[in-house]
Amino acid sequence: MTEAHARRTPGTPCWVSLIVHGLTTTQEFYGALFDWEFRPGPEQLGPYVRGLLHGKEVAGIGQLPPDRHLPIAWTTYLATDDADVTAEAIRSCGGTVAVGPLDAGEAGRLAIASDPSGAVFGIWQGSEHLGTMTAGMPGTPVWNELVTQETSMVAKFYQTVFGYGTEAVVSADFDYQTLILDDVPVASLHGVGQALPRDRGPHWMTYFEVADTDRAAARVVELGGRVLQPPREGSGGRLATVADLEGAVFTVIRSAGGGIAEGGAKAG
């Protein structure tokens with residue numbers, strides 16, 4: 001088990017959250033799948049809980065107001081030292097800021113934005129709450145990947161806003177870039193061309209570590225979710241793409257030796 005770093009380098013994925021219609025049923029689903037327990041969190045945007053693994057915060061789940069009908073999806077939050085400055089940079093580089101920046105109690109300051117291709121992500125300026133507090137073990141988010149049509153244009157946006165270095169896979173039939181901060185791979189961009197799901201468009205995908213990918217995928221179905229892409233081998237490990245009770249899509253992975261950050265997910 002590795003402790004997550006205290007203060008995140010700006011641009012590092014630091015938190016994931018999910019806003020759903022049924023907060024109680026969703027807690028039951030992820031509690032059964034990942035052994036999470038739950039604790040109330042800031043409620044500036046409505047009822048909200050934090051999922052904990054062995055007492056350490058790993059993810060957030062909130063409840064949509066009854067009159068709101070937004071896509072149900074896991075949101076990746078990228079760390080910032082100043083949410084207002086980053087929000088302005090997002091706008092000036094062709095992105096959109098849909099929510100905030102606003103304070104989440106004493107926890108920190110956040111905004112919800114989308115890149116020029118429409119992929120939604122969050123930014124988080126941590127105060128009392130710095131983000132995911134444990135990493136590497138089953139039940140924790142281990143990787144975040146932007147699934148988009150092609151990476152070259154959107155890569156420039158993220159490089160400009162967050163200062164990433166990039167490392168591209170040079171291949172005629174594989175469009176993949178790893179985002180790097182301080183010589184450490186932190187996330188990736190995966191261009192899938194016409195294979196991009198039409199009902200979702202460009203989106204950030206959260207990868208959760210599991211002890212056994214096949215067992216986790218079967219458990220998702222037992223709990224009322226769906227398997228969208230069955231267990232398969234990728235260069236980062238054995239992975240499966242699944243959806244929860246309300247259709248939020250995520251990936252479960254049993255990371256290979258060096259971990260997913262060594263080579264990204266690179267799902268075939």
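Only a predicted model underlies this, so the values are computations on that prediction, with no experimental measurement involved. Note that the numbering runs from 1 along the sequence shown for the chain.
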Item to check | Heavy-atom pair with the smallest gap, counting every atom of G100 and A111 | outcome: C-CB, 4.4 Å
Checklist entry - Heavy atoms, side chains only, cut-off 4.5 Å: are L52 and V58 in contact? => result no
Next on the checklist: In the structure I gave you, are the side-chain heavy atoms of L110 and L102 within less than 4.5 Å of one another anywhere?
Outcome noted: yes
Checklist entry - Do L181 and R8 pass the side-chain contact (heavy atoms from CB on, under 4.5 Å) test, and can you show the C-alpha distance, the side-chain angles, and the key distance before you say yes or no? => result CA-CA 11 Å; L181 291 171; R8 311 303 204 282; over 6 Å; no
Next on the checklist: Is it the case that over 12 heavy atoms from other parts of the model lie below 6.0 angstrom from the CZ atom of R200?
Outcome noted: yes
Checklist entry - Going hydrophobic residue to hydrophobic residue with side-chain gaps under 4.5 angstrom, can you get from L78 over to V154? => result yes
Next on the checklist: Nearest 0.5 angstrom please: T251 OG1 to M205 CE, how far?
Outcome noted: 3.5 Å
Next on the checklist: Between T151 and Y176, does the side-chain hydrogen bond (donor to acceptor under 3.5 Å, both in side chains) criterion hold? Intermediate values first, please.
Outcome noted: CA-CA 7 Å; T151 66; Y176 190 93; over 6 Å; no
Checklist entry - When rounded to the nearest 0.5 angstrom, what distance separates OG in S188 from CG in L179? => result 7.0 Å
Next on the checklist: If we count only N and O atoms by modelled type, under 3.5 Å, do the side chains of N144 and Y207 hold a donor and an acceptor together?
Outcome noted: no
Item to check | Backbone of A83 reached by a side-chain donor or acceptor of T86 within 3.5 Å | outcome: no
Checklist entry - So how far is it from T76 OG1 to H203 NE2, rounded to the nearest 0.5 Å? => result 10.0 Å
Item to check | Residue pair I19, Q63: steps toward the side-chain contact (heavy atoms from CB on, under 4.5 Å) verdict | outcome: CA-CA 5 Å; I19 309 298; Q63 184 165 307; 6.0 Å; no
Checklist entry - Side chains of S117 and D115: is there a donor and an acceptor less than 3.5 Å apart? => result yes
Checklist outcome for this item: Rounded to the nearest 0.5 Å, the CG atom of L239 sits from the CD atom of Q229 at a distance of 8.0 Å
Checklist entry - Out of curiosity, does L223 fall in the hydrophobic cluster containing F208 (side-chain heavy atoms, cut-off under 4.5 Å, transitive links)? => result yes
Item to check | Spatial distance of atom OG (S17) from atom CD1 (I112) [nearest 0.5 Å] | outcome: 6.0 Å
Checklist outcome for this item: Between P141 and V16 the two heavy atoms that sit nearest each other are CG-CG2, 4.0 Å
Next on the checklist: Contact between L189 and E145 at the side-chain level, heavy atoms closer than 4.5 Å - yes or no?
Outcome noted: no
Next on the checklist: So for atom CG, which belongs to D67, do other residues, nucleotides or ligands contribute more than 12 heavy atoms lying within a distance under 6.0 Å?
Outcome noted: yes
Checklist entry - Hey, is the main chain of L23 close enough, under 3.5 Å, to the side chain of T26 for a donor-acceptor pair? => result no
Checklist outcome for this item: Closest non-hydrogen atoms of W74 and G60, given as atom of the first, atom of the second and distance, are CZ3-O, 3.8 Å
Checklist entry - Are I61 and V242 grouped together when hydrophobic residues (ILVMFWY) are joined by side-chain heavy atoms under 4.5 angstrom apart? => result yes
Checklist entry - Does CD belonging to E222 count more than 12 external heavy atoms closer than 6.0 Å? => result yes
Item to check | Parallel, tilted or perpendicular: rings of F34 and W36 (30°, 60°) | outcome: tilted
Item to check | E209 side chain near S255 side chain, heavy-atom distance below 4.5 Å | outcome: yes
Next on the checklist: Using every non-hydrogen atom in the two residues, find where I123 and F162 come nearest and quote the distance to one decimal.
Outcome noted: CG2-CZ, 3.9 Å
Item to check | Ring centers of W15, H129 separated by less than 6.0 Å | outcome: yes
Checklist entry - Going through the checks in order, is the side-chain contact (heavy atoms from CB on, under 4.5 Å) test met by L64 and L70? => result CA-CA 8 Å; L64 268 175; L70 300 174; 3.9 Å; yes
Item to check | Close side-chain approach of T166 and K156, heavy atoms under 4.5 Å | outcome: no
Item to check | From CA spacing to verdict: ring pair (Phe, Tyr, Trp, His ring centres under 6.0 Å), F121, Y77 | outcome: CA-CA 6 Å; F121 64 96; Y77 283 78; 9.2 Å; no
Next on the checklist: Rounded to the nearest 0.5 Å, what separates atom CG in L245 from atom CD1 in I72?
Outcome noted: 11.5 Å
Item to check | Worked verdict on W204 versus T75 for side-chain hydrogen bond (donor to acceptor under 3.5 Å, both in side chains) | outcome: CA-CA 7 Å; W204 277 90; T75 299; over 6 Å; no
Checklist entry - Taking the side chain as C-beta and beyond, is there a heavy-atom pair between L196 and P202 under 4.5 Å? => result yes
Item to check | Donor + acceptor pair across side chains of T80, Q125 (<3.5 Å) | outcome: no
Next on the checklist: Less than 6.0 angstrom separating the ring centers of F250 and Y30, yes or no?
Outcome noted: yes
Checklist outcome for this item: Between T213 and I253, the two heavy atoms sitting closest are OG1-C, 3.8 Å
Checklist entry - Should V147 and V142 be counted in the same cluster of Ile, Leu, Val, Met, Phe, Trp and Tyr side chains packed under 4.5 Å apart? => result yes
Checklist entry - Side chain of D244, backbone of E246: donor and acceptor closer than 3.5 Å? => result yes
Checklist entry - Tell me, do H190 and F174 make a side-chain contact under 4.5 Å, heavy atoms counted? => result yes
Checklist entry - Considering only heavy atoms from C-beta outward, does the side chain of E88 approach that of C93 to under 4.5 Å? => result no
Item to check | Hphob cluster co-occupancy, V120 + L146, side-chain heavy atoms under 4.5 angstrom | outcome: no
Checklist entry - Between the side chains of E167 and T178, does any donor sit under 3.5 Å from an acceptor? => result no
Checklist entry - Salt-bridged, R254 to D214, with N to O below 4.0 Å? => result no
Checklist entry - How far apart are the C-alpha atoms of T96 and R91, what are their side-chain angles, what is the distance that settles it, and do they pass the side-chain contact (heavy atoms from CB on, under 4.5 Å) test? => result CA-CA 6 Å; T96 303; R91 291 189 193 98; over 6 Å; no
Item to check | Y164 and its side-chain contact (heavy atoms from CB on, under 4.5 Å) partner, picked from T12, V186, I180 | outcome: V186
Item to check | Working for salt bridge (charged side-chain N to carboxylate O under 4.0 Å, His left out), residues D84 and R109 | outcome: CA-CA 9 Å; D84 297 82; R109 191 162 173 78; 2.8 Å; yes
Checklist entry - What pair of heavy atoms forms the shortest contact from V210 to A216, and how long is it? => result CG1-CB, 3.8 Å
